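For reference, the structure is listed below as structure tokens.
What you see is a predicted model; the values in this text were computed from it and never measured.
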Amino acid sequence: IAASLGLVAAVGTALGPANGVTASATVVAVGDIAFASDSPTAPQRKTAALATAIAPDRLLLIGDLAYGHKTLGAWQPTSVAEFQSKLLPSWGTLLHKSWLVPGNHETYGSGKGVGYRWLVKSLKSNGMPQATKKGDLWWSRTITTGSKTWLVLGLDSEGLASASKRVRETTFIAKTL
């Protein structure tokens with residue numbers, strides 16, 4: 001299980017080898033990855049270069065993918081423009097193999113994850129799991145590699161703070177498992 005303020009849980013089940021052949025998949029999980037600076041020495045560039053060198057089959061982006069801005073000392077929700085300027089320059093080449101969950105920086109205040117939702121929608125054609133109900137930010141997907149099948153749950157830990165979302169999300173988890 002990998003965790004940030006956004007959570008990704010992976011559960012694997014061995015189904016047995018097919019014709020004696022086993023397969024593997026490389027998965028990289030990262031969070032807190034896109035700061036304001038986009039200089040060549042910025043931490044997100046180094047982390048993205050490392051992830052690229054690993055050549056993952058799947059990239060799990062686990063929250064706080066792009067920081068918003070502060071107004072009067074308080075963080076504001078990450079906008080579409082902030083995702084485009086802070087996340088895409090470093091991580092754009094890996095997004096086609098990415099699944100993501102929100103962190104608290106994506107969902108602060110009244111923005112309700114507008115930048116995050118834009119990114120999720122734009123990745124839909126690349127296989128990014130979509131929420132099962134409009135407005136929810138959690139999802140599930142299975143990955144099969146050779147003889148193994150993995151169930152991946154993308155959860156919204158910020159949603160658990162809301163009583164109504166907590167009931168819907170825990171019900172989703174129970175039904176999925």
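- No single ILVMFWY cluster, assembled from side-chain heavy atoms under 4.5 Å apart, contains both Val167 and Leu137.
- In this view, Val28 and Val30, Ala51, Ile54, Pro56, Leu59 satisfy the side chain to side chain contact (heavy atoms under 4.5 Å, CB included) rule, not counting sequence neighbours.
- Nearest heavy-atom pair across Ala48 and Ser90 is CB-O, 3.2 Å.
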Verdict with reasoning, Leu87 to Leu119, per side chain to side chain contact (heavy atoms under 4.5 Å, CB included)
CA-CA 10 Å; Leu87 180 72; Leu119 186 58; 3.3 Å; yes
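- Considering only heavy atoms from C-beta on, Leu88 stays 4.5 Å or farther from Phe83 through its side chain.
- At least one side-chain heavy atom of Leu155 sits less than 4.5 Å from a side-chain heavy atom of Ile173.
- In terms of the side chain to side chain contact (heavy atoms under 4.5 Å, CB included) criterion, residue partners of Thr176 (sequence neighbours excluded) are, by chain and number, Ser140, Leu151, Leu153, Phe172.
- For the atom pair CZ of Arg58 and OG of Ser98, the computed distance is 8.0 Å after rounding to the nearest 0.5 Å.
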Determine, stepwise, if the pair Gln84 / Trp118 fulfils side chain to side chain contact (heavy atoms under 4.5 Å, CB included).
CA-CA 10 Å; Gln84 291 171 331; Trp118 164 82; 3.4 Å; yes
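- With a 4.5 Å cut-off on side-chain heavy atoms, Thr52 and Leu94 count as touching.
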Could you walk me through whether Trp139 and Val101 satisfy the side chain to side chain contact (heavy atoms under 4.5 Å, CB included) test, starting with their C-alpha distance in whole Å, then the side-chain angles of each, then the deciding distance to 0.1 Å, before giving a yes or no?
CA-CA 9 Å; Trp139 49 264; Val101 294; 3.9 Å; yes
Take Trp91 and Leu65, measure what side chain to side chain contact (heavy atoms under 4.5 Å, CB included) needs, and give me the verdict at the end.
CA-CA 10 Å; Trp91 292 92; Leu65 310 177; over 6 Å; no
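- Interatomic distance, Leu100 CG to Leu60 CG, rounded to the nearest 0.5 Å: 9.5 Å.
- Shown here for Thr142 and Trp99, the closest heavy-atom pair between the two residues is O-CH2, 4.4 Å.
- Here the straight-line distance linking atom CG of Asp156 with atom CZ of Arg166 works out to 12.5 Å at 0.5 Å rounding.
- No side-chain heavy atom of Val120 sits under 4.5 Å from any side-chain heavy atom of Lys124.
- Asp136 CG to Arg168 CZ: the interatomic distance, rounded to the nearest 0.5 Å, is 4.0 Å.
- Contact detail for Gly31 and Ile62: the closest heavy-atom pair is N-CG1, 3.7 Å.
- Asp57 and Lys97 are not joined by a salt bridge, as no carboxylate oxygen comes within less than 4.0 angstrom of a charged side-chain nitrogen.
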